Protein chains: 2
Amino acid sequence: MAETRHYYQAEMLKALAHPTRLQILELLKGGELCVCNIVPELNMEQSNVSRHLNILKKEGLVTSRKEGLKVFYRITDPMINDLLEASSELLKNFWERRQKTLI
Amino acid sequence: MAETRHYYQAEMLKALAHPTRLQILELLKGGELCVCNIVPELNMEQSNVSRHLNILKKEGLVTSRKEGLKVFYRITDPMINDLLEASSELLKNFWERRQKTLI
DNA sequence: TTACTATATGAAGTATATCATATATAGTAA
DNA sequence: TTACTATATATGATATACTTCATATAGTAA
């Protein structure tokens, strides 16, 4: 049924819908990064970053590989970048529309 | 700063990230609809539907107009449909990838 | 005015998400 | 083995989101 599909789609969108996770994905846009490179970029506990990475991973948005003690994360599908780009555009349009309305 | 932008982007994505709201947006894809047409499609209290519509509206995803007692909602920007379409595609790809991995 | 209809909102309960602290695990090196 | 480093997870506190029930509001019609 349609509701099941919407349920999984909502889960994926929920994984995207957090400022920290958006920031992580933006960092990963440039390519694979070690957790040890991600944590210092975010003003946040390491344990917290680890959780956010796990949320992204569970939804299939990122994948990871281990190399010794380090773990490297990367974006699974470049389409994710397009999706985020589109949502950014949309947001920009909303703002512009709001500006016009308020004049 | 970048975090402010991510904050608003996350708010918008959060508004999308609920099965009921995805269902509402799918219903509205065909054009403007009265609340009285939306409620019967969703297996849910009228008050609850009203709240979900309000969440979509606050994020600028839908707009409404009143006609007598009735209120009609419509999608603000057709780009929203594209965004949802893209996220559906992405989800499909994840599933296919998962299938392959599990074989 | 009253009675009615369509939609929205207040209040309260439950569920879920996020966060900080502390601890556990896995890998390396001595 | 011990000591160390990078990452993950458990626990508990707090915050946010969702839902239901009851009620309020706005518009219509008598």
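Keep in mind it's a predicted model, so treat the numbers as computed, not measured. We name chains A, B, ... by the order of the sequence lines, and we start the count at 1 in each one.
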Under-4.0 Å salt bridge between A/E26 and B/R5: yes
Residue A/R21, side-chain heavy atoms: nucleotide from C/dT7, D/dT7, C/dT18 that is nearest: C/dT18
Among D/dA8, D/dA6, D/dC21, the nucleotide that comes nearest once only the side chain of A/S50 is considered: D/dA8
Pairwise 5' ranking along DNA chain C for B/V71 and A/R51, keeping only the more 5' one: B/V71
Between atom [atom1] in [X] and atom [atom2] in [N], what is the gap in whole Å?
X: B/N54; N: D/dT19; atom1: CG; atom2: C1'; value: 15 Å
X: A/N43; N: C/dC19; atom1: CG; atom2: C1'; value: 14 Å
X: A/L56; N: D/dA8; atom1: CG; atom2: C1'; value: 15 Å
X: B/H18; N: D/dA17; atom1: NE2; atom2: C1'; value: 8 Å
X: A/E11; N: D/dA17; atom1: CD; atom2: C1'; value: 13 Å
X: A/E45; N: C/dT23; atom1: CD; atom2: P; value: 14 Å
X: B/R65; N: D/dG27; atom1: CZ; atom2: C1'; value: 15 Å
X: B/L53; N: C/dA6; atom1: CG; atom2: C1'; value: 13 Å

So [Y] and [X], do their side chains get closer than 4.5 Å, heavy atoms only?
X: A/V62; Y: A/L25; result: yes
X: A/K29; Y: A/L84; result: no
X: B/K57; Y: B/Y73; result: yes

Helical bend (five base pairs per end, nearest 10°) for the helix from C/dT1-D/dA30 to C/dA30-D/dT1: 10°
Should [X] be listed as having a side-chain N or O under 4.0 Å from OP1 or OP2 of [N]?
X: B/Y73; N: C/dA6; value: no
X: A/H52; N: C/dC19; value: yes
X: A/K14; N: C/dA17; value: yes
X: A/N48; N: C/dT18; value: no

Donor/acceptor link under 3.5 angstrom from A/Q46 side chain onto base of D/dA8: yes
N/O donor-acceptor pair, side chain A/S47 with base D/dT7, under 3.5 angstrom: no
side-chain contact (heavy atoms from CB on, under 4.5 Å) between A/T76 and B/R97, intermediate numbers included: CA-CA 10 Å; A/T76 306; B/R97 202 172 295 133; 2.8 Å; yes
Mutual orientation of the aromatic rings belonging to A/Y8 and B/W95 [parallel < 30°, tilted 30-60°, perpendicular > 60°]: perpendicular
Test item: B/R65 side-chain N/O and B/R74 main-chain N/O as donor-acceptor pair under 3.5 Å: no
